[in-house]
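Just so we're on the same page: letters track the sequence lines, and every chain starts at 1.
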Protein chains: 2
Amino acid sequence: MNRTASIKDVANQAGVAVGTVSNVLNYPDRVSERTKERVLKAIDDLGFVRNDAARQLRAGHSRTIGLIVLDVGNPFFTSVVRAAEDAAALQGSAVLLGDSGHNESRESNYIDLFQEQRVQGLLISPVGDVTARLNVLRERGVPTVLVDRLADDAMFSSVSVDDDEGGYLAARHLLDIGRRRLAFVGGPLSIHQVADRLRGAQRAVKEESDATLEVLDSEGQSVLAGRGIGNRLVERPAKNLPDGIFCANDLLALGVMQSLTMMHTLRIPEDIALIGYDDIDFSVSAVVPLSSIRQPTEAIGRTAIELLTEELESQQVRHRAVVFTPELVVRQSTAGAEASL
Amino acid sequence: MNRTASIKDVANQAGVAVGTVSNVLNYPDRVSERTKERVLKAIDDLGFVRNDAARQLRAGHSRTIGLIVLDVGNPFFTSVVRAAEDAAALQGSAVLLGDSGHNESRESNYIDLFQEQRVQGLLISPVGDVTARLNVLRERGVPTVLVDRLADDAMFSSVSVDDDEGGYLAARHLLDIGRRRLAFVGGPLSIHQVADRLRGAQRAVKEESDATLEVLDSEGQSVLAGRGIGNRLVERPAKNLPDGIFCANDLLALGVMQSLTMMHTLRIPEDIALIGYDDIDFSVSAVVPLSSIRQPTEAIGRTAIELLTEELESQQVRHRAVVFTPELVVRQSTAGAEASL
DNA sequence: CACTGAAGTTGAATCGTTTCATTGTTACGA
DNA sequence: TCGTAACAATGAAACGATTCAACTTCAGTG
């Protein structure tokens with residue numbers, strides 16, 4: 001178990017100077033064919049592998065981008081992450097992934113960690129109010145792009161989806177198919193995506209004088225949390241039930257659906273129409289295929305990297321806020337029997 | 001945008017030597033209270049953040065573990081990754097995640113990358129035959145633990161689940177509820193998990209003289225691939241249809257389910273019973289709640305880290321192969337009307 | 001034949017941290 | 001007062017890569 005070879009060992013083995021080995025690695029054109037061959041042979045013989053820590057130390061920064069998301073288990077973020085990784089790879093950067101799990105202290109830990117790693121830049125879907133910290137970061141030359149959150153573009157670049165509009169679309173759709181006693185499932189409302197979607201829904205409901213919107217606060221956005229809400233609903237007398245439910249994401253909606261359909265006394269969509277948010281892959285194959293609001297996840301991930309690259313390349317501070325528009329996807333959970341996939 | 005402060009700057013500011021600052025950071029007991037305060041104040045004033053590259057360079061290795069999985073989009077791996085991250089965090093290591101996407105060259109790139117990062121060790125769910133490379137790694141002091149793949153424990157430590165047994169359980173269950181014309185959906189068979197599950201299924205089918213097993217090769221393990229297979233199935237005359245289908249994972253099963261139920265001509269489980277593999281969260285809320293084979297994902301992730309830690313701490317080469325046993329979960333897709341959640 | 005410039009090559013300096021042998025300081029018992 | 005132990009603090013060396021000014025070769029030119 002001998003120490004791994006360094007560039008110096010390679011230089012000795014090949015009978016050249018360390019600078020030459022470095023040139024072979026980084027600027028092959030500067031080196032003669034003969035020398036290059038000898039060096040490459042030595043590299044191979046010794047099984048030399050560059051030490052990235054040393055490169056980084058010298059360079060003063062890594063070739064790495066930090067990405068902090070709220071929940072990697074959520075297919076929405078999984079998809080965003082993948083897109084960001086691909087986009088980063090194209091320009092030769094790697095992505096360090098952090099999962100805050102909606103937890104401020106974990107979020108803060110990841111910011112610390114990424115700072116120690118000297119990431120080139122940071123993409124973050126923030127939990128708490130981290131603007132102060134992010135400003136400090138930027139002053140030190142580490143730009144940040146906010147993901148899935150609109151930012152004042154005087155402060156930061158951001159990529160987001162219009163959650164208010166998405167909420168409006170969802171509720172408007174329920175109203176359009178004749179539902180009037182709506183319920184919103186999601187929480188805690190401190191999560192801004194949840195709050196925005198609710199606000200949009202309320203806007204739509206206000207357009208119909210005879211419509212009401214009940215808010216059912218959930219603990220988190222998981223399938224399990226949805227099942228909890230659903231179980232409480234089925235215990236109500238039928239007349240107190242909503243006839244249209246809008247869930248802040250598909251996981252919740254699938255959970256609610258599970259509970260509602262379990263006893264076979266309630267029908268979706270006849271008794272209760274149900275719509276989710278995110279349009280994850282599994283929604284199509286739900287008990288009742290789930291209507292949803294689709295967000296352009298690939299575009300979000302890709303754009304986030306693009307905005308970051310812009311900031312990295314131009315030293316003058318010029319921020320942009322890109323806002324995507326979500327899209328209604330109607331499936332059986334909000335349609336009559338005539339509806340198809 | 002001034003250069004970030006170094007330990008030297010802190011030392012100047014506090015009027016002490018660099019070694020002392022380092023001691024404050026790493027061995028606070030060695031430093032007097034007075035000095036410690038001064039140094040901490042200087043750190044705060046300058047906003048000093050340790051440069052991890054420099055630490056690593058000096059230490060000769062990182063505090064990082066590499067983890068390469070086949071597909072992060074697959075909830076099975078998402079869950080394993082999360083467990084591994086948590087276990088690693090407990091012992092002060094971070095996890096670098098790589099997604100090979102079943103692609104040998106991407107896998108190879110990640111191994112290179114992780115080597116440059118000087119990871120302490122590697123957890124990998126391998127695509128190709130990488131034993132040769134992994135042996136080289138180990139000789140250089142980077143131990144590897146194979147994940148979701150059984151290894152000869154003379155060679156490597158490994159954590160796996162008995163896929164043959166899982167396949168047997170699934171097929172045996174279909175046979176037990178009276179099905180005889182079985183089909184296996186999954187592919188390509190070069191993926192060893194798929195091949196093992198098939199082998200187990202074949203073993204079960206051989207136990208019944210009047211049972212048959214048809215193999216439907218799929219392109220990948222996604223919902224989409226499953227839908228493709230399903231679409232081909234529904235075009236068959238009813239008498240040529242299988243009466244029990246075992247899919248190599250739940251994503252495939254959900255896709256197949258989607259296609260089969262779309263036309264409302266086939267009933268699950270009456271006409272065709274369906275069982276998947278992995279028991280992902282979404283299976284409960286499928287059109288017809290999906291029977292599946294559950295794997296202990298948290299235990300897998302945790303154990304992988306434990307085995308790696310063992311190898312890191314004992315210099316003598318002592319490998320272990322941990323094999324978990326999967327578990328049958330019966331839901332409606334293979335049960336009569338009497339079945340419940 | 002001397003001179004020029006291009007192409008190759010060299011090796012010391014540098015990045016920021018940790019380590020550790022050395023030096024300085026203090027307290028206490030003899 | 002001296003000796004010594006315990007404790008604090010110091011600062012040069014080392015980690016491994018990259019950079020760059022300086023040097024060597026050598027072909028081409030006048």
Side-chain angles (χ1 to χ4, degrees), chain A residues 2-40 42-43 46-64 92 113 115-120 140-141, chain B residues 2-40 42-43 46-64 112-113 115-120 140-141:
Chain A
N2 19 2
R3 200 176 44 75
T4 57
S6 78
I7 209 174
K8 210 166 175 176
D9 302 323
V10 174
N12 285 339
Q13 173 94 353
V16 299
V18 290
T20 303
V21 177
S22 177
N23 281 335
V24 169
L25 260 21
N26 300 297
Y27 308 93
D29 306 347
R30 293 189 192 164
V31 182
S32 75
E33 212 49 53
R34 257 178 50 78
T35 317
K36 202 188 304 180
E37 268 172 37
R38 277 223 313 278
V39 171
L40 289 176
I43 287 179
L46 296 173
F48 165 77
V49 177
R50 263 174 160 112
N51 183 326
D52 196 60
R55 301 184 74 185
Q56 234 173 264
L57 174 57
R58 181 65 233 247
H61 62 89
S62 67
R63 298 186 325 293
T64 299
L113 183 65
Q115 241 186 305
E116 290 190 6
Q117 304 288 341
R118 298 291 191 269
V119 294
Q120 295 182 282
R140 303 223 183 100
Chain B
N2 20 1
R3 202 175 43 76
T4 58
S6 78
I7 210 174
K8 209 165 175 178
D9 302 322
V10 174
N12 285 341
Q13 172 94 353
V16 299
V18 290
T20 304
V21 178
S22 176
N23 280 335
V24 170
L25 260 21
N26 302 297
Y27 308 94
D29 306 346
R30 293 189 192 163
V31 181
S32 75
E33 212 50 53
R34 257 178 49 77
T35 319
K36 203 189 304 183
E37 270 172 35
R38 276 223 314 280
V39 170
L40 290 176
I43 286 178
L46 297 174
F48 166 76
V49 177
R50 263 177 161 108
N51 183 327
D52 197 60
R55 300 186 74 187
Q56 234 173 264
L57 174 58
R58 179 67 232 238
H61 63 88
S62 67
R63 299 187 325 292
T64 299
D112 288 343
L113 182 66
Q115 242 187 304
E116 290 190 7
Q117 305 287 340
R118 297 291 190 270
V119 294
Q120 295 183 282
R140 304 223 182 99

| message | Classify B:S6 by what it touches in the nucleic acid, base, sugar-phosphate, or nothing, heavy-atom distance under 4.0 Å. | response | sugar-phosphate
| task | Answer yes or no: does a side-chain N or O of A:Y27 lie under 4.0 Å from OP1 or OP2 of C:dG8? | result | no
| Within the pair B:S32 and D:dA9, is there a side-chain N or O less than 4.0 Å away from OP1 or OP2? | yes
| Tell me: CD of B:Q117 to C1' of D:dA17, nearest whole Å? | 14 Å
| How would you label the contact of A:V31 with the nucleic acid (heavy atoms, under 4.0 Å): base, sugar-phosphate, or nothing? | sugar-phosphate
| Between the main-chain N or O of A:G47 and the side-chain N or O of B:R140, is there a donor-acceptor pair closer than 3.5 Å? | yes
| Base C:dT18 paired with B:R55 side chain (donor-acceptor, <3.5 Å) | no
| remark: By nearest-nucleotide position on DNA chain D, the 5'-leaning member of B:G15 and A:L57 is B:G15
| note | Rounded to the nearest 0.5 angstrom, the CD1-CZ distance for A:I7 and A:F48 is 5.0 Å
| message | In this structure, how many angstroms lie between the C1' atom of D:dC15 and the CG atom of A:D52, rounded? | response | 15 Å
| B:V18 side chain: which of D:dG11, D:dT10, D:dG16 is closest? | D:dG11
| request: Please determine, for the side chain of A:I7, which listed nucleotide (C:dT10, C:dT17, D:dT18) has the closest atom? | output: D:dT18
| request: Whole angstrom is fine here: how far is it from CZ in A:R34 over to P in C:dA7? | output: 19 Å
| field | 5′-ward residue of the pair B:R30/A:K8 relative to DNA chain D | value | B:R30
| message | Tell me the interatomic distance from B:D29, atom CG, to D:dA8, atom P, rounded to whole angstroms. | response | 9 Å
| query | Can you find an N or O donor on one side and an acceptor on the other, under 3.5 Å apart, linking the side chain of B:R58 with the base of C:dT18? | reply | yes
| task | Output yes when a side-chain donor or acceptor of A:N26 lies under 3.5 Å from a complementary backbone atom of A:N23, and no otherwise. | result | no
| message | Just N and O in the side chain of B:T35: are any of them under 4.0 Å from OP1 or OP2 of D:dA9? | response | yes
| request: Give one of base, sugar-phosphate or nothing for B:G19, where a contact means two heavy atoms less than 4.0 Å apart. | output: base
| message | With a cut-off of less than 4.0 Å, is there a side-chain N or O of A:N51 near OP1 or OP2 of D:dA17? | response | no
| field | Of the listed nucleotides C:dT18, D:dA17, C:dT17, the one nearest the side chain of B:N26 | value | C:dT18
| said: In this structure, how many angstroms lie between the P atom of D:dT19 and the CG atom of A:N23, rounded? | reply: 9 Å
| Over how many whole Å does the gap from B:E37 atom CD to D:dA8 atom C1' extend? | 16 Å
| remark: Output for pair (A:Q117 CD, B:Q117 CD), nearest 0.5 Å, gives 8.5 Å
| request: In whole angstrom, give the distance that lies between atom NE2 of B:H61 and atom P of C:dT17. | output: 17 Å
| remark: So CZ of B:R30 and OG1 of B:T20: to nearest 0.5 Å the spacing works out to 11.5 Å
| task | Please state how far atom NZ in B:K36 lies from atom P in D:dA9, giving the value in whole angstrom units. | result | 10 Å
| said: For a quick test of reading the model: is some side-chain N or O of A:T20 closer than 4.0 Å to OP1 or OP2 of C:dT10? | reply: yes
| query | Is the distance from OP1 or OP2 of C:dC15 to the nearest side-chain N or O of A:R118 less than 4.0 Å? | reply | no
| Got a second to check how far A:T64's OG1 is from A:Q120's CD, nearest 0.5 Å? | 7.0 Å
